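Sequential numbering from 1 along the given sequence is applied to the chain's residues. Remember, it's a predicted structure, so these values are computed and weren't measured experimentally.
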Amino acid sequence: MKSFDGYIFDLDDTLYCEHDYVRSGFRAVANELAKQRPDIEANDIHQMLIDEWRRNGRGRVFDDVCKHLGIGADIVRLVHLYRSHRPDISLYDDAKEVLVHLRQTGKKLGIITDGDSTMQWAKIKALELEHVVDAIIVTGDLGREHWKPSETPYRKMAECLGLDFCDCVYIGDNPNKDFIAAKRLGMGTVRIVRDVGDHMRTKLGSEYEADVAIRSLTELIDKRL
């Protein structure tokens, strides 16, 4: 691959571990539920939430744990608490190293991330990324029709960075949506495949997969991608 002037990153499971965010949000919810069940430690409720998530996914975790605890909780309120809490998360070590290196070498940096605006911006602020990159696009601010794989956020990012598509590379983890529009527009694409994450075992056809797969973001430096 050629060298690029603009490096655009996905957020969840690319720059930090999304599972850490889930555990952090469950901590906030567990502390709230413990107020209604003072006979049970918040740590124990936190573990119940984690165990239920591991068994059945995130879809009905709060409903099922509240039912188990005999709590008639307002699930909508718990979801809001989960999404609006200040996350206890940190960047991957390789993400820290690469972002510093790219900044020092004069590259333009951007982030495109899907999701609820309140939740994604809370993550960004907790990771202090506003002080590190040149532009951030949370697709939740644009409307659901502009979430990846829409071309809209990629077009907007290239405009924000003042670069042609061919001078940008998008780095993400999810082939279901991360690379389709980027490839169509002529951007380079790199997939980070970590040991932990929701999409690490996903393998799709060439239309969906990135041009290059890496195991660590430091390969962006080592391989001069």
Side-chain angles (χ1 to χ4, degrees), residues 9-92 95 111-131 133 136-150 152-153 172-174 176-178 192 194-202:
F9 293 88
D10 174 50
L11 180 62
D12 301 326
D13 285 331
T14 298
L15 295 179
Y16 86 102
C17 180
E18 167 73 0
H19 288 183
D20 288 346
Y21 176 83
V22 175
R23 293 185 185 93
S24 175
F26 284 174
R27 173 67 62 187
V29 171
N31 290 339
E32 178 64 23
L33 294 178
K35 296 175 184 177
Q36 300 183 56
R37 283 294 305 267
D39 56 315
I40 303 178
E41 294 287 338
N43 285 343
D44 293 333
I45 297 177
H46 184 242
Q47 190 59 52
M48 290 179 194
L49 292 166
I50 291 173
D51 291 343
E52 180 60 30
W53 163 45
R54 287 174 174 164
R55 281 193 300 268
N56 298 310
R58 275 180 266 181
R60 290 185 52 83
V61 169
F62 301 154
D63 303 77
D64 293 340
V65 171
C66 285
K67 181 178 180 181
H68 177 75
L69 292 171
I71 295 174
D74 182 344
I75 302 301
V76 173
R77 181 169 177 273
L78 294 180
V79 171
H80 175 74
L81 177 62
Y82 175 89
R83 289 178 174 174
S84 61
H85 86 287
R86 179 171 176 78
D88 181 14
I89 54 177
S90 59
L91 291 171
Y92 283 121
I111 293 172
I112 297 174
T113 178
D114 277 348
D116 173 83
S117 294
T118 298
M119 187 163 60
Q120 296 308 102
W121 280 111
K123 297 172 185 176
I124 290 162
K125 291 180 185 300
L127 295 169
E128 300 182 341
L129 286 168
E130 291 167 295
H131 310 295
V133 302
I136 299 172
I137 294 176
V138 175
T139 59
D141 295 335
L142 306 177
R144 190 65 186 247
E145 68 273 19
H146 299 300
W147 287 29
K148 296 180 287 185
S150 165
T152 301
D173 71 298
N174 184 358
N176 290 294
K177 61 179 182 176
D178 280 344
I192 178 71
R194 299 188 182 278
D195 293 331
V196 176
D198 291 338
H199 307 289
M200 296 308 132
R201 293 179 178 81
T202 302

* Asked: Please walk me through it: do Met48 and Trp53 pass side chain to side chain contact (heavy atoms under 4.5 Å, CB included)?
  -> CA-CA 9 Å; Met48 290 179 194; Trp53 163 45; over 6 Å; no
* Asked: Does the side chain of Leu11 reach to within under 4.5 Å of the side chain of Ile136, using non-hydrogen atoms?
  -> no
* Asked: Charged N to carboxylate O below 4.0 Å: is that the case for Asp10 and Lys148?
  -> yes
* Return yes if some donor-acceptor pair links the side-chain N/O of Asp178 with the main-chain N/O of Gly172 below 3.5 Å, else return no. => no
* Between Ile45 and Asn31, is a side chain to side chain contact (heavy atoms under 4.5 Å, CB included) present by the stated rule, with each step listed? -> CA-CA 8 Å; Ile45 297 177; Asn31 290 339; over 6 Å; no
* Asked: Between atom CG of Leu91 and atom OH of Tyr16, what is the distance when rounded to the nearest 0.5 Å?
  -> 10.5 Å
* Check the surroundings of atom CD in Gln47: do more than 12 heavy atoms from other residues, nucleotides or ligands lie under 6.0 Å from it? => yes
* Quick one: does Ile112's side chain get under 4.5 Å of Phe9's, heavy atoms only? -> no
* Distance (rounded to the nearest 0.5 Å) between Leu49 CG and Arg58 CZ -> 13.0 Å
* Asked: What's the shortest heavy-atom distance between Ala30 and Ala42, and which atoms?
  -> CB-O, 3.6 Å
* So Glu52 and Asn56, side chain to side chain donor-acceptor pair (under 3.5 Å) or not? Walk me through it. -> CA-CA 6 Å; Glu52 180 60 30; Asn56 298 310; 2.7 Å; yes
* Asked: Below 4.5 Å, heavy atoms only, C-beta onward: do Val138 and Ile124 meet side chain to side chain?
  -> yes
* If you count the non-hydrogen atoms of other residues, nucleotides and ligands that lie under 6.0 Å from CD in Glu145, is the total more than 12? -> yes
* Asked: Hey, what do you get for OG1 (Thr139) to NZ (Lys177), rounding to the nearest 0.5 Å?
  -> 7.0 Å
* Does any non-hydrogen side-chain atom of Asp12 lie less than 4.5 Å from one of Gln120? -> yes
* Under a 4.5 Å cut-off applied to non-hydrogen side-chain atoms, are Asp20 and Asp88 in contact? -> no
* **Check: Ile40 main-chain N/O paired with Asp44 side-chain donor or acceptor under 3.5 Å** => no
* Asked: Could you give all pairs that pass the side-chain hydrogen bond (donor to acceptor under 3.5 Å, both in side chains) test and reach residues 65-82, with sequence neighbours left out?
  -> Glu32-Arg77
* Spacing of Ile71 atom CD1 and Cys66 atom SG [to the nearest 0.5 Å] -> 5.5 Å
* Ala126 versus Ile89, closest heavy-atom pair with distance -> CB-CG1, 4.1 Å
* Asked: With Ala122, which residues qualify under side-chain contact (heavy atoms from CB on, under 4.5 Å), at least two apart?
  -> Pro87
* Cation-pi between Lys123 and Tyr21: NZ/CZ under 6.0 Å from ring centre and within 45° of the ring axis? -> yes
* What's the spacing between Trp121 CH2 and Thr113 OG1 if we round to 0.5 Å? -> 10.0 Å
* To do: Mind checking salt bridge (Lys or Arg N to Asp or Glu O under 4.0 Å) for Arg27 and listing every partner two or more places apart, or none if nothing turns up?
  => none
* Asked: Out of curiosity, Ile137 CD1 to Thr152 OG1, how far, rounded to the nearest 0.5 Å?
  -> 9.5 Å
* Asked: Just wondering, do Phe26 and His85 contact through their side chains at under 4.5 Å, heavy atoms?
  -> no
* **Close side-chain approach of Asp13 and Arg194, heavy atoms under 4.5 Å** => no
